[in-house]
Structures are given as structure tokens and as C-alpha cells.
Amino acid sequence: MLVRTHTCGQLRESDVGATVRLNGWVNSYRGHGTGLVFIDLRDRYGLTQLVFDGEDLPGDVMETADHLRNEDVVAVEGTVRVRTGGENPKLPTGKIEIEVSRLEVLNKTANPPFLPDDLAKLPNEELRLTHRYIDLRRPKMQKIMQARHRLAKVTRDYFHENGFLEVDTPILYKSTPEGAREFLVPSRNVPGGWYALPQSPQLFKQILMIAGCDRYIQLCRCFRDEDPRADRQAEFTQVDLEMSFVRREQVMEMMEGYIRRLWREMAGIDIPAMSRMTYRDAMERFGIDRPDTRYGLEIADISEIASRSEVAFFKDALARGAERPRFNSKRGVVKAIRVPGGAEKLTRKITDGYNEFARSFGAGGCAVVKVNAQGQFETGVAKFLEGVRGDLTAALGLTPGDTVLFVADEYAVCTKALGELRQKVARDMGVVPPPGAEGGPWNFLFVVDFPMFERNKETGRWVAMHHPFTAPRDDQAQTFVEASVDDEVTIESIVSAGYDIVLNGQEIAGGSIRIHDPKVQSKVFQLLGLTPQQAREKFSFLLEALSFGAPPHGGIAFGLDRLVMNFVGTDNIRDVIAFPKTQTGADLMTRAPSAATDEQLREVHVRSTWTPPAT
RNA sequence: GGGGCGGUAGCUCAAUUGGUUAGAGUACCGGACUGUCGAUCCGGUGGUUGCGGGUUCGAGUCCCGUCCGCCUCGCCA
């Protein structure tokens, strides 16, 4: 084989006269029969034009060249020369071409199901995934893989420079079925025993701290057997890290440094100092724990004013859970969003849609009022608000042409519905800036002071909002330890030492200071409804480790895939994963998952209960 | 588990209210062509309309079921 001396993106005018060899894929054929043939040869690095000239080459070579087709793999030898037919300004190699003297066809392709062409309309994703090796040849996909590589490298560089140690943790791991559904792996050596794939290396990294590792980093694969979304895969990658002898300030500083470094090196952007917001503030103003602060449209609590209106369903909502404390999830509230200029842009059809949209989140609906040129309310519930029009106008800062959206319901439902609605309205109003990669703002935010616990909607039991190893905030620890497990109001008020990093309304990282006191850890388990026996059965290794000299520690994990998505400007997580899975967890290329043989199952002591459906 | 959208030539799409032999571009094959650069021109092959039922004189089109993909609610400590 004619082994390459250069890549297809390398040669320039300065190389003119050199004899070179190139290897690559035929990207396009432009032929004039056996007289003259042009080929653009492609590899990961670029395109170079090859010329086959019938006056210099033997007939059989010209014959072969004339039959080259897209995606054939070839090797050529030839001389670099200035293009005699004019340069191609679209290509970095556009001033030169290779006058081919020898041609070797390394692999003649079958007719490909599609071409790796970024200019053409993409075939449907099913086909791209089935023939992923062709899709990945596309320059765009090559760029994405390169970006992902660079991001991993910058990450390792930064944490290396800051004294972090990269340590691998097990993939075959103990099942601790509290959070996400786990993937299970049967043991052959221990009949009836099962491993689980880790949802995250959480406990291992804490134990590494107890082991004196001090600073740990890992780019690790995590597995959660839950239904995927556009930005979620069952198998994904985290930038996982942990630090000893820190309070949350130190972790947050280290993270801000990392983010700054990433954006500098990946996008050439210096990001401003990251702001902070409490969880309560985020929920009150934005209705979500990961607020998109690139636009306003903030949510206002108008419960007091609503109580003086004539709107029946406002009053009904407010009557619910009225005896409960403020911010309690079951207490009725009325909240509103002022949409400046909405009267014109948000048509009746659109606002009717909002009503449906609010319902889909469990709310009774969404009331809509428009402010006319005289400052009067129109449509829907307008006449029932007449008595409080002045107060509402003042409280919300209403001006003519505004639309106001109201939701009345229990706190949790109302907040959720308006939080989601706010984002939908922002898109409809066109106030969401373009993705940051194209010049829009990068709004980073630390969200802090999350509640430690919340009630599970179905079981009514306490569950950890972050995870059961999250410590209470320093000033809350004493209250927490002393609180009775039945003291609902106190338990609900305990704030954790957790922190999320939010970018343009997207959670890109989450972490916390961990519990390093076995007594506090036991208390959390107790509150979560684990008996001491159950806690020991599941987490004895952790409780034991915590009792043998555990340093205060904390950490965080970033979703690596989502970070990459931001830099390459895609909203499809499958684009940034070389071999992703479909919504049913299938790998369309390898056809996984597939059946196991009876022999395989016997060996791991498993019998399947599944039977094929009757046809 | 629920809701929505989609599946027609290798690919991207079209096909009127249910009505003739399901079309176009592209890819592929053959031919012409000595400076193209998304080459051009001429000709040709290519179809179980995802699959299975049903309604009808007649189904790509309507109905039922099912499979696959995407979006989404639930879920994701």
C-alpha cells in the first residue's frame, strides 16, 4: 500500500513540487471520462483535490479513476502543484492539487445508504445510527468528537494542575436501589448474587476521601435505567470530583475556575463572575430550580390581591391548605406572569394553548388577561378582577399592550406550571437569545440552599432532594440532629450544603458538602425510613468508613455530554456520543440488547420469565 | 405506563375529496465529455407505500391492531 506522507488537510502552496502520498475516502467525483478526472479526497483533516490526467496516465489507471465513486478508499502518489484551473476559496487546500501518478484502490465501497455530506439534508436518525460509521465520517461529527476530546483534555489539565488525582472506580458495583432504576448484572461465581452498574461513583469517591486521596477526579461512565430524553441517555458521562477539608466556598471557587478555563479554551470566551441564587428565590421568581436568567418574565405571587378579587377559582385555590406555612407545597397560591407586549403577539389560539399546557402539569388551567390602551383588562376573567385592577397594575407594573397569565393552585403545582409556562412564553415571544455559541450570553448561576428533604408524591415519605449523603448547611446541622423525625415543619426547613450550576436554564452540574459524621448519616437514613438494620445492610461499608477518621469533604459532578452540547451547538445528546442508544435503549448498529442463550443464562443462574407474544 | 408526530424507490420528498400504470430530485448502472470544484448532457434499473387485519366496486389515503424512530408527561436519590 502507498502509505500516506501527509493528511488531506495539510498541503499548501509551500509544498508545490513535492512528491506526496495521500490516503482517504473519495468525497466527490467530477469526471470528463478517461481524459480528465477530478477527485476530492477526504480524511479527518480535510479535503484535497486529486487530478488524473489522461495525457500522462496509462489507460487502465484512467479507467479505474473514471469509476471511482463516493466513499471508495484509495491511496495515491503524485506531485503537488498550483491549480491550473483556478483556486477553490472554500477549501484551505484550495490553491493546490495533486497531479496523480499512482493509484491504489484500498476498498471499493458498496453503494452507501447515504453520504456523509453536511451540505445535503440529513437522512433520518434511525438510518444514521444503523450506519453510524458513515455518519461519523461527516465533518460535523468529526468536529464534535474532536471538541469532546479537547474538553476532556482541558478538564484533565485543569484538575491535574490543581492537585487532583484521577482514580478509576468499579463498574460492577453493589446495588443500592434508592434513586434511579439500576442495570443489573448477574454473578456467575455467586449464585443468586447481582451487581449493579453505578448511577454514579458517589460512595467510592467519598471513600477515596476517607482513604486520604484528598482530591479526586474521574471522567466516569454512569448508568441510569430511566426513559431517555433529547438531553438524557441511560448511559452517560460525568466529570466527577471530590475534595477533602473544604467548605462549600472552596468547592464553588474551584468549579468557577474550571468553568472559566473551559470557556476560555473551548470558546475563547472570558465569562463574568458567576452569580448565586437561593433555591427559594429561584422557585419564587422563576418557578424552577434551574432558572434561565437570559430574559425576564418573572413570576409574581399575587395571592393577597387575588383574595380580594371576585374570581371564584382564585378563592378556591387560596382556601386550600391555608393553615399551612408559607411555601408549603400544599398551600394554595395565585401567581402571575406579566408578558410585556403580549397582547399583540400572543393570539387567542396561543393563549388557549397555554391553558392546555398548564393543565398538563396538573394545574386547573391558566387565566389570561390583556391590558388595553386605556389600561383596562380584557378577556376571560377581566370583569371579576375589576375591583383589584389598580392594585394588580401597580404590583405587576402593567402597561398597555401587556398580557398577564394567572395560575391558581397548590404551591408546588402552581410554581411548576408557571415555571414551565414562562419558558414556553419566552420562546413564543422570541425573547430567548440564540445559543451562546453564536454570540448570545452565557448566564451561569450557582443555585444554593436547597431543602435537604422533600415528600415523595406517591408514598408521602421523606426523600433526599439531592442524595442521602448530602450534609446540612453548617448553621443547620445542630437543628437537624436535634429535630424529632416527626417535626415536619423543622425537617422541611432544613437547608443543605448543596449547590447546582445552571447555564442558560440547564443544570450542568450538581454537588454538595457530604456528611462526614456517622451520627448525622444515621439520622438521615432514619428520616428516609431505613431501619438501622436496613442501613447497615446497604451502607455498612460507608458507616464503618465514616467512623474510622473521615475528613470533611465535598464535591460535584458535571454532565460531560451536556457540556459538549453547549460548545458544539446541538440540542440532541446523541450527537455528542459516538455510539448512542435510541429511546428504547437499543443500539441500532450492533442490535443490542439481544437474546441470551439458555446456556448463558444457566451459567449465571438466571431464568427468564419473558415469553414472546402470540402472533 | 400516558399523550403527540412520523414511517411511500438506496436516500430526501410528492401523490387533489378514496379513483387510470404511485411521481420528482438525488444516488446507482450505461453512454458522451480534457479544468472541474454540489461538474454537465443523454438514457436506464429501481416500489410488499413498516407489518397484520378490516371497510369499500376501488385504499399510500379511512378504521382497528402491531412494530420501529423522534418529541414529551411520569420517571431521572
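First the proteins, then the strands, lettered A, B, ... as listed; each starts at 1.
Pair check for G30(B) finds C42(B); Watson-Crick or G-U wobble, both atom distances under 3.5 Å. The pairing partner recorded for A22(B) is none, the criterion being a Watson-Crick or G-U wobble arrangement whose two distances lie under 3.5 angstrom. Base pairing of G6(B): its partner is C68(B), meeting the Watson-Crick or G-U wobble criterion (both donor-acceptor distances under 3.5 Å). A59(B): no Watson-Crick or G-U partner with both key distances under 3.5 Å is found in any strand. In this structure, U17(B) forms no base pair with any nucleotide, since neither Watson-Crick nor G-U wobble geometry is met with both distances under 3.5 Å.
Counting atom types as modelled, Thr582(A) pairs no side-chain N or O with a base atom of G69(B) as donor and acceptor under 3.5 Å. For Arg81(A) against G35(B), a side-chain-to-base donor-acceptor contact under 3.5 Å is present. Taking only distance into account, the side chain of Glu126(A) never meets the base of G6(B) through a donor-acceptor pair shorter than 3.5 Å. Put simply, the side chain of Arg229(A) and the base of G74(B) share a donor and an acceptor less than 3.5 Å apart. Checked by distance alone, Arg232(A) brings a side-chain donor or acceptor within 3.5 Å of a matching partner on the base of C75(B). On a pure distance criterion of 3.5 Å, no polar donor-acceptor pair joins the side chain of Asp117(A) and the base of G38(B).
For the C1' atoms, the distance linking A39(B) with U21(B) amounts to 35 Å, nearest Å. When the P atom is compared between C37(B) and G30(B), the two are found 23 Å apart, to the nearest whole Å. With P as the reference atom, U66(B) and G58(B) are 26 Å apart, rounded to whole Å. Here, C70(B) and U61(B) have their P atoms 25 Å apart, quoted to the whole Å. The same atom, P, is picked in A27(B) and in U17(B); the two are 33 Å apart, to the nearest Å. The separation of G52(B) from U16(B), taken at their P atoms, amounts to 24 Å, rounded to a whole angstrom. Nucleotides G35(B) and U40(B) are separated by 15 Å at their P atoms, to the nearest Å. A gap of 14 Å separates the P atoms of A9(B) and A22(B), to the nearest Å.
At the heavy-atom level, Gly94(A) lies nowhere under 4.0 Å from the strands shown. Contacts of Thr584(A) with the nucleic acid, taken as non-hydrogen atoms under 4.0 Å apart, involve only primed sugar atoms and P, OP1 or OP2.
Rounded to a whole Å, the CZ atom of Phe357(A) is 17 Å from the P atom of C71(B). Atom P of nucleotide C11(B) and atom CG of Asp135(A) are separated by 15 Å, given to the nearest angstrom. Rounded to a whole Å, the CZ atom of Arg30(A) is 16 Å from the P atom of C41(B). Going from atom CG of Leu47(A) over to atom P of C37(B) covers 15 Å, rounded to whole Å. Taking atom CG of Leu91(A) as the reference point, atom C1' of G35(B) lies 15 Å away to the nearest angstrom. Rounding to whole angstrom units, CD of residue Glu71(A) and P of C28(B) are separated by 10 Å.
Nearest nucleotide to the side chain of Arg574(A), out of G35(B), C11(B), C71(B): C71(B). When each of G38(B), C73(B), G35(B) is scored by its nearest atom to the side-chain atoms of Lys90(A), the top-ranked nucleotide is G38(B). Residue Arg69(A) places its side chain closer to C29(B) than to any other of C33(B), C29(B), C76(B). Side-chain proximity of Glu226(A) to C76(B), A39(B), C70(B): nearest is C76(B). Side-chain proximity of His67(A) to the nucleotides A39(B), G30(B), C70(B) is greatest for G30(B). Of the listed nucleotides (U72(B), G10(B), G69(B)), G10(B) has the atom at the smallest distance from the side chain of Pro113(A). Closest to the Gln49(A) side chain, of the nucleotides G1(B), U36(B), G69(B), is U36(B). With C11(B), U34(B), C73(B) as the choices, the nucleotide that has an atom nearest any side-chain atom of Glu55(A) turns out to be U34(B). When distances run from any side-chain atom of Asn111(A) to the nucleotides C28(B), C70(B), U34(B), the shortest one goes to C28(B). With distances taken from any side-chain atom of Asp53(A) to the nucleotides U34(B), C73(B), C11(B), the minimum falls on U34(B).
The phosphate of C37(B) (OP1 or OP2) has no side-chain N or O of Arg42(A) nearer than 4.0 angstrom.
Between Asp428(A) and Lys424(A), some side-chain heavy-atom pair lies under the 4.5 Å cut-off.
In this structure, Glu492(A) CD and Phe453(A) CZ are separated by 12.0 Å, a value rounded to the nearest 0.5 Å.
Thr79(A) and Glu99(A) share no side-chain donor-acceptor pair at under 3.5 Å. Side-chain polar atoms of Glu125(A) and Asn572(A) form a donor-acceptor pair below 3.5 angstrom. A donor atom on one side chain and an acceptor atom on the other are found under 3.5 Å apart for Gln206(A) and Gln202(A).
Map Phe38(A) and Leu588(A) each onto its nearest nucleotide of RNA chain B; the residue landing nearer the 5' end is Phe38(A). Comparing Leu119(A) and Asn70(A) along RNA chain B, the residue whose closest nucleotide (by nearest heavy atom) sits nearer the 5' end is Asn70(A).
In summary, Asp231(A) and Arg574(A) do not engage in a salt bridge, as defined by a charged side-chain N under 4.0 Å from a carboxylate O.
Ring pair Phe539(A)/Phe469(A): centre-to-centre distance below 6.0 Å.
Heavy-atom contacts from other residues, nucleotides or ligands closer than 6.0 Å to NZ of Lys330(A) number 12 or fewer.
The aromatic ring of Phe114(A) does not stack onto the base of C11(B), failing the criterion of a centre distance under 5.5 Å from the six-membered base ring together with planes under 30° apart.
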